[in-house]
Amino acid sequence: MDELELIFENATRSAIFTNREVLRPDYIPDQLPHRGNEIRKVAMVMATALQGVRPSNLFIYGLTGTGKTAVAKYVLKRLSAKAERSVKRVKWIYINTRIENTSYRVLAHIAEGLGLKIPFTGLSTSEVYRRIINRLNSDSVILILVLDEIDFMVRKEGDEILYRLSRVNEDLSSSKVTIVGITNDIRFIESLDPRVKSSLGEEELVFPPYNASQLEDILSERAKLAFRPGALGDGVIPLCAALAAREHGDARRALDLLRVAGEVAEREGADVVSEDHVHRAYNELERDRAVEVISTLPLHSKIVLYTIYRSVGDTPPTTGEVYVKYRELCQRMGLEPVTQRRVSDIISELDMLGLVNATIINRGRYGKTRILLPTIQRDVVLSALENDPYISMF
DNA sequence: CGTCCACAGGAATGACGGGCGG
DNA sequence: CCGCCCGTCATTCCTGTGGACG
């Protein structure tokens with residue numbers, strides 16, 4: 001066997017995985033462990049469609065990786081399968097408004113889902129809306145619209161499409177439309193126009209985060225499909241679950257961790273995934289995330305981040321101290337520094353991105369400030385910053 | 001017990017570049 | 001293609017605040 005043949009063989013035949021696709025975030029399993037209550041609730045709300053009655057609009061809230069999307073898709077898939085054998089026709093369209101992030105694209109997506117041909121530009125949004133209405137009126141169907149990550153669209157476009165969609169039934173005679181909104185931002189609901197809020201939230205459902213033992217069940221379930229028998233070390237799944245549980249019980253993170261751990265093991269030619277592989281996978285994921293986030297930061301945010309991480313070892317700096325160092329650095333780099341007010345906002349942004357930990361403290365006579373603690377390994381941050389041509393010049 | 005520190009963080013406004021509808 | 005709008009980064013001016021100090 002020649003060298004290339006060997007490489008290709010190794011790529012196709014894994015000592016670790018039988019099917020790694022089932023560990024990817026967009027995979028929808030047949031079983032959704034520990035979401036029985038949620039599945040039942042969604043199903044009960046949606047079931048009226050089978051009697052030809054419009055289901056109530058539903059609002060689903062829950063942190064990332066709590067199974068919101070998976071449950072919604074799962075129930076609706078089952079529902080439409082059941083409906084094929086009933087009198088009333090039920091149709092559902094899934095839209096991720098983080099991707100279809102303008103009202104035009106959302107409407108165009110709906111129109112396409114109804115079998116209409118819509119150019120990606122050229123029509124006004126009201127024209128697309130009109131065509132959707134016409135189509136629905138010439139048909140008799142219960143249409144369930146799933147708007148995932150609905151907060152993204154509203155942040156960008158305002159809630160006027162939601163208002164329009166929530167009242168679409170007033171323009172319809174034979175067909176009916178139900179809206180299922182999904183978000184992980186709880187404050188988002190409060191920011192809505194009260195009319196939209198009451199209409200969209202006819203039914204509400206909160207998805208609690210998974211705890212460590214529930215994550216273990218989810219991982220075990222998938223691992224059966226993903227890994228070769230015996231390819232997983234004993235402590236691997238509990239460890240992945242524990243690490244992910246620490247980060248708000250995010251099942252997606254847990255699955256990523258398990259998959260990457262498998263890939264790390266595979267890369268080194270091990271035939272069993274060990275706990276050590278999990279730790280390395282954890283670092284790798286954290287590193288990737290940090291590099292990704294840091295590389296897209298504006299220049300001055302990078303400089304502020306740099307001053308915070310450079311001073312590790314001394315006592316944790318306050319906003320004022322960081323600002324002084326930041327100004328020095330700007331001068332050395334020949335850049336105009338931004339104001340302290342702006343740096344204050346930059347620090348808040350870095351805090352929200354999880355790149356630093358900013359805690360407000362009151363030192364009485366010595367004022368109120370924030371102390372900045374690093375949250376990530378220093379070399380990860382510094383090497384990510386090196387990628388910036390400006391910064392690497394020092 | 002009132003001051004006053006060292007900022008937090010809200011509001012208004014502006015420069016700038018990119019995308020979109022007409 | 002052009003004007004307009006919108007998001008982002010930034011400034012200016014501002015009011016708010018917990019508690020050590022005198």
Side-chain angles (χ1 to χ4, degrees), chain A residues 95-112 117-132 149-164 185 187-188 190-193 292-308 311 314-331 333-373 375 385 388-391:
Chain A
I95 301 163
N96 186 326
T97 68
R98 186 185 202 151
I99 297 160
E100 320 289 338
N101 59 359
T102 65
S103 25
Y104 183 83
R105 268 181 243 165
V106 168
L107 289 176
H109 199 96
I110 295 169
E112 273 163 34
K117 285 225 166 61
I118 298 291
F120 35 95
T121 182
L123 300 179
S124 67
T125 49
S126 52
E127 171 62 17
V128 181
Y129 181 77
R130 206 180 54 76
R131 292 190 191 183
I132 291 171
E149 310 205 65
I150 197 170
D151 45 319
F152 269 86
M153 181 180 70
V154 171
R155 237 192 296 279
K156 187 149 183 266
E157 298 266 307
D159 50 14
E160 109 256 349
I161 342 159
L162 279 187
Y163 181 65
R164 189 139 35 134
D185 183 356
R187 289 165 308 166
F188 161 76
E190 303 309 314
S191 72
L192 285 177
D193 185 311
E292 163 74 23
V293 173
I294 291 171
S295 65
T296 61
L297 245 34
L299 180 58
H300 286 276
S301 303
K302 287 180 178 172
I303 300 175
V304 171
L305 186 67
Y306 181 68
T307 62
I308 294 170
S311 60
D314 323 344
T315 52
T318 64
T319 301
E321 288 158 16
V322 165
Y323 187 62
V324 171
K325 287 188 197 163
Y326 159 81
R327 288 191 70 119
E328 284 170 13
L329 213 63
C330 280
Q331 197 171 20
M333 296 170 72
L335 291 168
E336 222 18 60
V338 300
T339 56
Q340 179 156 335
R341 177 67 187 87
R342 178 62 191 139
V343 169
S344 173
D345 275 346
I346 287 174
I347 288 172
S348 302
E349 288 158 22
L350 295 176
D351 185 32
M352 276 197 293
L353 290 169
L355 296 174
V356 299
N357 185 322
T359 319
I360 300 167
I361 52 158
N362 279 292
R363 297 176 302 180
R365 179 67 250 263
Y366 302 105
K368 173 193 181 188
T369 184
R370 285 187 288 195
I371 48 171
L372 293 326
L373 290 164
T375 53
L385 287 168
D388 187 284
Y390 239 110
I391 304 256

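Below, chains carry the letters A, B, ... as their sequence lines are ordered, and counting in each starts from 1.
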Residues in salt bridge (Lys or Arg N to Asp or Glu O under 4.0 Å) contact with [X], at least two apart in sequence or another chain:
X: A:Arg363; answer: none
X: A:Lys302; answer: A:Asp388
X: A:Glu149; answer: A:Arg98

- Message: Applying side-chain hydrogen bond (donor to acceptor under 3.5 Å, both in side chains), can you list everything that pairs with A:Ser348, at least two apart in sequence or on another chain?
- Response: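 If we apply the side-chain hydrogen bond (donor to acceptor under 3.5 Å, both in side chains) test to A:Ser348, skipping adjacent residues, the hits are A:Arg370.
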Check your understanding: What pairs meet the salt bridge (charged side-chain N to carboxylate O under 4.0 Å, His left out) rule with one or both residues in residues 342-357 of chain A, with sequence neighbours excluded?
Key ->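 Non-adjacent pairs meeting salt bridge (charged side-chain N to carboxylate O under 4.0 Å, His left out): A:Arg341-A:Asp345, A:Arg342-A:Glu349.
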Could you tell me how far apart [X] ([atom1]) and [N] ([atom2]) are, to the nearest whole angstrom?
X: A:Arg342; N: C:dT11; atom1: CZ; atom2: P; answer: 8 Å
X: A:Ile346; N: C:dT8; atom1: CD1; atom2: C1'; answer: 12 Å
X: A:Ile371; N: C:dG18; atom1: CD1; atom2: P; answer: 17 Å

In B/S/- notation (B base, S sugar-phosphate only, - none; protein heavy atoms under 4.0 Å), nucleotides 4-10 of chain B written 5' to 3' is SBBSSBB
Return no unless some side-chain N or O of A:Thr339 is found under 4.0 Å from OP1 or OP2 of C:dA10.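 No, outside the criterion.
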**Study point:** Matching residue for A:Tyr326 among A:Gln340, A:Glu321, A:His300 - test: side chain to side chain donor-acceptor pair (under 3.5 Å)
**Key:**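 The passing option is A:His300.
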